[in-house]
Amino acid sequence: MAESNKNERMEKIVSLCKRRGFVFQSSEIYGGLNGLWDYGPLGIELKRNIKNAWWADMVTSHNERIQPEGAPRSFQMTGIESSIIMHPRVWKTSGHYDLFHDLMVDCRESKRRYRYDHIKGAWVEHGEQKVFVSCITDGDAKEEITRRALQHFKLKAKYADQLTWHSEVVDLTTVPETDQVLAPDAKELGTLTEPREFNLMFETHIGAMQSDDSKAFLRPETAQGMFVNFRNVVDSSRVKVPFGIAQQGKSFRNEITPRNFTFRTREFEQMEMEFFCHPSESREWYQFWRDRRFKWYVDLGISEERLILRDHEEAELAHYSVGTADVEYAFPFCEEGEYGELEGIAHRGDFDLRSHMEGKLVREGNELVVETDGDGKPKYPGSGKDLTYHDEEAKERFVPHVIEPAAGADRTVLAFICDAFDEEEITNEKGKTETRTVMRFHPRIAPVKVGVFPLLKNKPELVAKAMEVRAMLQPYMTVFYDETGAIGRRYRRQDEVGTPFGVTIDFDTIGENGEENKDTVTLRERDSMEQRRVKIDDLLNLLLKEIM
RNA sequence: GCGGGUGUAGUUCAAUGGUAGAACGGAAGCCUUCCAAGCUUCAUGUGAGGGUUCGAUUCCCUUCACCCGCUCCA
């Protein structure tokens with residue numbers, strides 16, 4: 001039951017998005033394209049409002065002289081926009097090239113797919129047969145292999161000592177032929193395919209002639225644009241550490257399984273910020289951004305009971321990270337108690353700047369060291385440029401540490417859409433219950449701020465006055481003018497797209513019922529459906545206060 | 001990428017081997033003094049390609065997309 005309700009709600013949301021012009025399938029008239037979506041007229045307004053709210057919060061409305069609550073000190077904020085195609089070495093040095101090129105093997109029997117380097121196993125012999133028994137457990141591999149080997153040789157558990165082990169637990173990558181391999185979920189031997197390459201980065205070529213030398217990648221994240229421009233920003237904009245560089249823009253990942261509407265897509269927009277600070281203050285800054293980013297969603301009206309701030313377990317942390325927290329939302333397509341990630345706030349240490357100086361880094365014990373090839377040279381050398389920061393007051397030179405809040409813009413849009421969607425049971429005058437669909441967007445992100453309606457369209461005085469009001473408001477906000485259908489119908493239309501306010505011009509407005517209410521209008525509020533009379537002269541200020 | 005399911009109007013759904021319907025929505029008009037009112041008129045569809053057939057939206061094949069489960073998810 002919960003299952004069908006869960007899907008039903010998501011289906012209604014998807015249907016509304018299509019019907020009212022929030023989200024369309026990409027290239028729909030040609031049958032659509034997997035994992036790609038377009039924003040419609042209302043969708044783009046919503047998305048732009050959300051992006052603008054983020055940009056304002058991060059960059060334009062930041063005051064570098066004021067120390068925000070919870071911040072170790074005051075700080076500066078800047079923005080950039082870097083290119084989508086960057087030097088291919090950026091991705092080798094950053095680790096994405098290796099990370100996003102996975103070798104995968106399929107099991108013909110279990111129909112499962114595994115990362116080639118995730119499968120472990122051991123050569124085990126019994127009778128005349130020697131088999132590579134594999135598994136993908138996180139726990140005790142030896143125990144799991146013993147269990148599966150016993151099963152394979154049809155032995156009872158007490159005869160474990162009859163197994164002859166010919167190797168320690170090793171990676172499947174050490175096994176040249178797979179015909180004597182017992183796949184992790186198979187009963188037969190030799191069911192694994194040859195390893196095949198999966199490339200999560202979109203490839204393209206620079207220049208009209210294609211060759212291996214011309215190969216380039218569409219960025220899988222915007223973050224590297226900030227790291228490689230760190231020096232430029234420091235040199236050009238008089239910023240001092242601590243400061244942040246923000247960027248919004250498209251990224252591309254060739255996901256194996258795009259799923260869940262616009263939640264996981266192959267082309268997506270990110271809102272990322274790299275905050276550079278002194279290593280000694282980095283933990284405090286991490287806490288600050290972690291809490292501040294969570295609050296941003298709440299301030300924009302997302303329901304707090306569906307939003308969580310989840311700290312990663314140590315084992316879950318990326319190899320360079322000292323701490324990471326996710327802002328996650330309980331989407332309708334999530335199982336009970338599960339959430340979808342909107343944003344990750346990561347303490348990245350000096351990993352990124354050091355990588356771009358020295359070369360691709362790997363963890364060795366507790367140290368990050370430059371990964372080397374067979375000859376002891378860096379596998380992927382860095383730029384060799386000095387990306388340290390010199391603090392003139394403290395007379396100190398250091399590699400800044402980085403705090404990175406990285407949000408998915410499209411996921412955030414989807415979360416706000418899902419959160420705003422509401423079906424309200426109301427009883428009309430005839431005592432009949434009907435359903436009112438309302439998108440309860442926060443006024444600041446609502447695609448349309450106000451609807452302007454003449455009560456009747458066949459009364460020229462009403463229409464003329466309504467056009468006046470519209471013209472007055474339009475320079476300051478998105479206004480939707482509508483004169484067709486009964487007034488109630490027009491209200492409901494706007495409810496469904498989340499317009500927070502409706503303004504109706506009636507006979508009082510044009511002075512037909514005396515001077516007292518002349519030049520006043522009805523202001524109708526979306527959520528409560530309450531109406532009050534306000535002076536046209538007060539309207540703009542009143543609305544601006546609500547939508548800013 | 002595997003398995004299962006689904007593709008009919010903008011949306012939600014009917015129907016059919018022989019001219020594809022409804023409701024809601026949309027447009028136009030009349031009417032209408034504040035919460036999807038009424039009346040009249042109109043527009044719009046079988047995901048794509050191929051096959052079988054006199055004739056295919058229906059049967060078959062391929063493909064594409066969406067949903068569910070696996071897998072994947074820096």
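Values below: every heavy atom of this structure, side chains too, minus hydrogens, waters and symmetry copies. Naming convention: chains lettered A, B, ... in sequence-line order (proteins, then strands); numbering from 1 in each chain.
Residues A:S251 and A:E221 bring no donor and acceptor atom of their side chains to less than 3.5 Å of each other. Under the 3.5 Å distance criterion, with hydrogens and angles disregarded, a donor-acceptor pair is assigned to the side chains of A:H356 and A:Q224. In the model, A:D352 has no side-chain atom that pairs as donor or acceptor with a side-chain atom of A:S355 under 3.5 Å. No side-chain N or O of A:T412 forms a donor-acceptor pair with one of A:D410 less than 3.5 Å apart.
We find that CD of A:E335 is positioned 10 Å from P of B:C68, with the value rounded to whole Å. One interatomic measurement links the two molecules: CD1 of A:I13 to C1' of B:U11, which rounds to 15 Å at whole-angstrom precision. Atom pair A:K18:NZ and B:C24:C1' shows a separation of 16 Å (rounding to whole Å applied). To the nearest angstrom, P of B:C34 lies 16 Å from CD1 of A:I426. The CZ atom of A:R9 sits 18 Å away from the C1' atom of B:C67 (whole-angstrom rounding). The separation between A:Y116 atom OH and B:G1 atom P is 21 Å, rounded to whole Å. Protein atom CG of A:D495 is 14 Å distant from nucleotide atom P of B:G25, rounded to whole Å. The CG atom of A:D506 sits 12 Å away from the P atom of B:C35 (whole-angstrom rounding).
At a threshold of 4.0 angstrom between heavy atoms, the contacts of A:E255 with the nucleic acid are absent. A:R253 comes within 4.0 angstrom of a nucleotide base, judged by non-hydrogen atoms across all strands. A:N458 comes within contact range of at least one nucleobase, with a heavy-atom separation under 4.0 Å. Nucleic acid contact for A:F261: sugar-phosphate only, since backbone atoms but no base atoms lie under 4.0 Å from a heavy atom of the residue. A:L455 comes within 4.0 angstrom of a base, heavy atoms only. Using a 4.0 Å heavy-atom distance criterion, A:T522 is classed as a base contact. Among the atoms of the strands shown, only primed sugar atoms or phosphate atoms (P, OP1, OP2) are found under 4.0 Å from some heavy atom of A:N34. Among the protein residues, A:R490 comes within range of no part of the nucleic acid, since none of its heavy atoms lies under 4.0 Å from any strand. The residue A:G35 sits close only to the backbone: its heavy atoms come under 4.0 Å of sugar-phosphate atoms, none of a base. The residue A:R259 sits close to a base: some heavy atom pair falls under 4.0 Å. Counting any heavy atom pair closer than 4.0 Å across all strands shown, A:E341 reaches no nucleic acid atom.
For A:R489, a side-chain nitrogen or oxygen approaches OP1 or OP2 of B:A37 to under 4.0 Å.
Nucleotide B:U52 forms a pair with no other nucleotide shown, judged by Watson-Crick or G-U wobble geometry with both contacts under 3.5 Å. Of all nucleotides present, only B:C68 satisfies the Watson-Crick or G-U wobble test against B:G3, with each distance under 3.5 Å. Pairing of B:U57, defined by two Watson-Crick or G-U wobble distances under 3.5 Å, is not identified with any nucleotide. Base pairing of B:G10 is made with B:C24, judged by Watson-Crick or G-U wobble geometry with both donor-acceptor distances under 3.5 Å. The partner of B:G38 is B:C30, judged by Watson-Crick or G-U wobble contacts that both fall below 3.5 Å. Across all strands shown, B:G47 is found opposite B:U63 as a Watson-Crick or G-U wobble partner, with both distances under 3.5 Å.
Nearest nucleotide to the side chain of A:L33, out of B:C68, B:C34, B:A65: B:A65. When distances are taken from the side chain of A:K457 to each of B:G25, B:C35, B:U32, the shortest belongs to B:U32. Which of B:A74, B:A65, B:U33 sits closest to the side chain of A:L99 comes down to B:A74. Comparing B:A36, B:U33, B:C34 by their closest approach to the side chain of A:E512 singles out B:U33. Of the candidates B:G1, B:C66, B:A36, B:C66 carries the atom nearest the A:W37 side chain, counting heavy atoms from C-beta on. Distance from the side chain of A:T257 is smallest to B:U71 among B:C35, B:U32, B:U71. In this structure, the nucleotide among B:G26, B:U33, B:C35 sitting nearest to the side chain of A:Q531 is B:C35.
Separation of the P atoms belonging to B:C59 and B:A15 is 13 Å when rounded to the nearest angstrom. B:C54 and B:G69 are spaced 46 Å apart, taking the P atom of each and rounding to whole Å. A distance of about 11 Å separates the P atoms of B:G18 and B:A56, rounded to the whole Å. Look at the C1' atom in both B:A20 and B:G3: the space between them is 34 Å, to the nearest Å. Atom name C1', nucleotides B:U57 and B:U40: the rounded distance is 32 Å, in whole Å. Rounded to a whole angstrom, the distance from the P atom of B:A28 to that of B:A14 is 32 Å. Rounded to the nearest Å, the gap between the P atom of B:A43 and that of B:A23 is 16 Å. Nucleotides B:A36 and B:C24 have their C1' atoms positioned 10 Å apart, rounded to a whole Å.
Checked against the 6.0 Å centroid criterion, the rings of A:F453 and A:Y491 qualify as a close aromatic pair.
Across A:Y339, A:F261, A:F263, a single residue satisfies ring pair (Phe, Tyr, Trp, His ring centres under 6.0 Å) together with A:F333, and that is A:F263.
Each of A:S15 and A:T484 lies near RNA chain B, and the nucleotide nearest A:S15 is the one positioned closer to the 5' end. The residue among A:N260 and A:T435 whose nearest nucleotide of RNA chain B is located toward the 5' end is A:T435.
Expressed to the nearest 0.5 Å, how far CZ of A:F230 lies from CD1 of A:I80 amounts to 12.5 Å.
A:K250 has a carboxylate O that lies under 4.0 Å from a charged side-chain N of A:E267, or vice versa, which qualifies the two as a salt bridge.
Remark: A:K360 fails to qualify as a cation-pi partner of A:Y380 under the 6.0 Å distance and 45° angle criteria applied to the six-membered ring.
For A:R436 against B:C35, no side-chain N or O and base N or O form a donor-acceptor pair under 3.5 Å. If you check distances only, the side chain of A:Y491 does reach the base of B:C34 with a donor-acceptor pair under 3.5 Å.
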